[in-house]
2 protein chains.
Amino acid sequence: MEMNERKTKILEAIIKNYLETGEPVGSRTISKLEGLKVSPATIRNEMSDLEEMGYILQPHTSSGRIPSDKGYRFYVDRMMSEKEKEVSDMKDMVVQKADQLSELLQQVSKLLAESTNYAAMVSSPQIHHNKLKFIQLSKVDANSVLAVIVVEGNIIKNKMIPVEEEIDQDTILKLNLLLNTHLNGLSLEEINLGLITLIKERAGIHSEMIGSVIDAVAEAIRADEDLEIYTSGANNIFRYPELSDNQKASEIISTLEEKNQFEELMSRSLSEIDDKLDSEQHGIQVYIGNESPIKSMKDCSVVTATYELEDGMKGMMSIIGPKRMDYEKVAKTLKKLQEELDTLYKKKK
Amino acid sequence: MEMNERKTKILEAIIKNYLETGEPVGSRTISKLEGLKVSPATIRNEMSDLEEMGYILQPHTSSGRIPSDKGYRFYVDRMMSEKEKEVSDMKDMVVQKADQLSELLQQVSKLLAESTNYAAMVSSPQIHHNKLKFIQLSKVDANSVLAVIVVEGNIIKNKMIPVEEEIDQDTILKLNLLLNTHLNGLSLEEINLGLITLIKERAGIHSEMIGSVIDAVAEAIRADEDLEIYTSGANNIFRYPELSDNQKASEIISTLEEKNQFEELMSRSLSEIDDKLDSEQHGIQVYIGNESPIKSMKDCSVVTATYELEDGMKGMMSIIGPKRMDYEKVAKTLKKLQEELDTLYKKKK
DNA sequence: GTTAGCACTCATTTTTATTGAGTGCTAATT
DNA sequence: AATTAGCACTCAATAAAAATGAGTGCTAAC
């Protein structure tokens, strides 16, 4: 069967109506809509076709229709490819400067949740080509030395290292020099066992301590170790009856809490967005129901967008809501926030 | 009216039964309990008295009774003052060493939630007498300087400071010396405007940068700025029907998310525990329903305990659950974890 | 190809009955 | 004087029955 313009219009009307009300949509409701001057009976025939084609479903005989995942997908694809309307009267979002990245991201997730009324999730940026930029050991007190490690993208990692015997300033200086000359500018792959042994040798009696430092360096560079997830607006799911029975709500909320579930989503979404970057969709991905890599989100839709800070630090933000979420608004909001982060970063620079 | 032994027994029986079932308890149920050899009618009379005294409530005429907040309070007070039974077959909890405090606390909250099946919340420690221990500026690249600030208790704070013109190593060394000689060992109150002006003067053309550094120091020392809250097990509330209607669940979950709500709870609980430290209750506080400083917790009970790391760093952990929570188990679990943290810290030292 | 008409379906709502746990009170018993 | 048996009564919860109404599919007329 072929999709024609009237079918498209009817499908769109069904979906739009369902997005608003969350209730199955009947033929009469649609016939009353202006623009489409046909009787309910005709609509019924078309609906019957649409159902056969898999775009809509009947929860039970003699109820109205609701969109299937395929129906949503059709709608979302059409919407996304449309020329973007000017960013309408969207709530102004102001990301305040925060000097800690974590604060900033927490703020972003809150902002997303508040302006969409869905749940939001923001990941810390994953650094791709991260090289060591700077190491510094400092003597903090008689039996502890602090190692500060800065990697590209100005990610900072601290590690307090206990020492048996007090170390004098001179030695610290020497060790600093040793570490910096050998390690600066290197990536994880370049720091191999040979190099480590060499450095340890040169460190003499302090080789053990240097071992700890190098471990910390490795940890700092390895990106996924530091992947943090910020969530907000979990309680928003209670706004949508179809998600708020105990079973589902509990599942969604624990997923939001079990932040590690998002790693998969993140890596998949990052790569998929890379793939179709040419299609110029502002790097926004929509997962409807079972399309989502997170199985417990089968009753939700997940919309993800990437953001990019300096030096290729890419992170992800997503909105989690019912399948009948306002995709248009969500996409706009994400786009807005992408830009916001962009300009914020530029200002900072 | 007076409380006698039989009334106490009956009250206790009502509460225990209600804790298990969550259903109102009737006179026949209690009469069938061994140990109390009286007829349901007698129980009814006693129950009538207990109700008059405010220990129990009838949800509606001709239903069984449920404990009132006052009833729970009676029960909890009795339980807490009993000689503590040996820590029975409690699930072994192992706090793995984590080198980041935040990881550790997140882990603790998860552990609490998992072993009690309630929601858990852990605060980062609040430092009381925090003095500056160590400052270090380092040149990271041509236009940024990294300030590392260590306060007592080995809390580390990093701040990246952009600079207009490149600074040479010598100047950095001088500034480091300047800062350390003037600021080390001082607490927030001791760093006054006069001192700041003095330092800025000495810093000459770098006074502006030094200003940023001192701001960061102030921020690092001010404890409440850094108060972080870790939560876990929010979804556990769905285990308890009396909390899982949408209204209540949503309220509780957003409270868990709005972490700032806990500040009040924390400060109050810390001081109250200080007050009655002599009464030897292991610093465990129970807030039943409206007793809680957090208004949205009126349908829950909140049990809090403090923990203490080195140098008087005190933090709080709490369990949030239904009023009919297993207070005994919760108290034991908290106690266990207090000890665990204690030994962990000692090992570390 | 479109529409009016109609019988039919079925979730939802409303109504009515039924059940049963639990009470309070009174009068008998210990 | 305290305890208990007995009984009428209350009321949430469950079940069963009836009414409602939105919506469908199909057929026949336009």
Side-chain angles (χ1 to χ4, degrees), chain A residues 1-11 13-15 17-18 20-68 71 241-242 244-245, chain B residues 1-11 13-15 17-18 20-68 71 241-242 244-245:
Chain A
M1 200 165 314
E2 281 290 291
M3 200 70 176
N4 59 30
E5 190 181 351
R6 193 167 69 187
K7 282 196 174 54
T8 306
K9 264 190 182 158
I10 291 174
L11 176 55
I14 294 172
I15 295 181
N17 194 283
Y18 184 72
E20 271 174 39
T21 65
E23 294 295 321
V25 186
S27 53
R28 228 171 79 83
T29 313
I30 292 186
S31 76
K32 274 186 290 187
L33 250 47
E34 52 182 295
L36 215 53
K37 280 156 299 180
V38 286
S39 78
T42 311
I43 308 267
R44 282 206 285 285
N45 291 332
E46 296 284 39
M47 279 162 87
S48 174
D49 290 352
L50 284 168
E51 180 162 12
E52 202 181 318
M53 291 157 80
Y55 289 107
I56 53 181
L57 298 173
Q58 238 178 338
H60 57 87
T61 339
S62 90
S63 82
R65 307 303 215 284
I66 63 174
S68 67
E242 68 267 45
S244 35
D245 68 285
Chain B
M1 200 166 314
E2 281 291 291
M3 200 70 176
N4 59 30
E5 190 180 351
R6 194 168 66 185
K7 281 195 175 53
T8 305
K9 264 192 183 157
I10 291 175
L11 177 55
I14 293 173
I15 296 181
N17 195 283
Y18 184 73
E20 270 174 39
T21 64
E23 295 295 321
V25 187
S27 54
R28 229 171 78 84
T29 314
I30 292 186
S31 76
K32 275 186 291 190
L33 251 47
E34 53 182 294
L36 214 54
K37 280 156 298 180
V38 286
S39 79
T42 312
I43 309 267
R44 281 205 285 285
N45 291 331
E46 296 283 41
M47 279 162 88
S48 175
D49 291 351
L50 284 168
E51 181 163 11
E52 203 182 319
M53 292 158 80
Y55 289 106
I56 53 181
L57 298 172
Q58 237 178 339
H60 57 86
T61 339
S62 88
S63 80
R65 307 303 214 285
I66 63 173
S68 68
E242 68 267 45
S244 35
D245 69 284

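If you're wondering where the values come from, they're calculated on a predicted model, not measured in any experiment. Here is how names work: the chains are called A, B, and so on, in the same order as the sequence lines, proteins then strands, and each is numbered from 1. Side-chain atoms are counted along with the backbone in the values below, which use heavy atoms only and exclude waters and symmetry mates.
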d([atom1], [X]; [atom2], [N]) in whole Å:
{"X": "A:H60", "N": "C:dT12", "atom1": "NE2", "atom2": "C1'", "result": "9 Å"}
{"X": "B:I14", "N": "C:dT23", "atom1": "CD1", "atom2": "C1'", "result": "13 Å"}
{"X": "A:E46", "N": "C:dG1", "atom1": "CD", "atom2": "P", "result": "11 Å"}
{"X": "B:L57", "N": "C:dT23", "atom1": "CG", "atom2": "P", "result": "14 Å"}
{"X": "B:M47", "N": "C:dA21", "atom1": "CE", "atom2": "P", "result": "15 Å"}
{"X": "B:I56", "N": "C:dG22", "atom1": "CD1", "atom2": "P", "result": "13 Å"}
{"X": "B:D49", "N": "C:dT23", "atom1": "CG", "atom2": "C1'", "result": "14 Å"}
{"X": "B:L50", "N": "C:dG24", "atom1": "CG", "atom2": "C1'", "result": "16 Å"}

5'-most contact on DNA chain C (nearest-nucleotide basis), B:G64 vs B:N45, goes to B:G64
Are [X] and [N] close enough that a side-chain N or O sits under 4.0 Å from OP1 or OP2?
{"X": "B:R65", "N": "C:dG22", "value": "no"}
{"X": "A:T61", "N": "C:dC10", "value": "yes"}
{"X": "A:R28", "N": "C:dA4", "value": "no"}

How long is the gap from CG on B:D49 to CZ on B:R6, to the nearest 0.5 Å? 9.5 Å
Given that A:T29 and A:A41 both sit by DNA chain D, which one's nearest nucleotide is further toward the 5' end? A:T29
With a 3.5 Å cut-off and just heavy-atom distances, do the side chain of B:S62 and the base of C:dT23 make a donor-acceptor pair? no
Looking at the base of D:dG25, is there any donor atom on it, or on the side chain of A:R44, that sits under 3.5 Å from an acceptor on the other one? yes
Closest non-hydrogen atom pair, B:T42 against B:V38: CB-CB, 4.0 Å
Of all heavy-atom pairs linking A:Y18 and A:V25, the shortest is N-CG2, 3.9 Å
Check whether more than 12 heavy atoms from other residues, nucleotides or ligands sit under 6.0 Å from atom NZ of B:K7, and answer yes or no. yes
Regarding A:T42, tell me which of base, sugar-phosphate or nothing describes its non-hydrogen contacts under 4.0 Å with the strands shown. base
Go through the steps for A:I30 and A:N17 under the test side-chain contact (heavy atoms from CB on, under 4.5 Å), then give the verdict. CA-CA 9 Å; A:I30 292 186; A:N17 194 283; over 6 Å; no
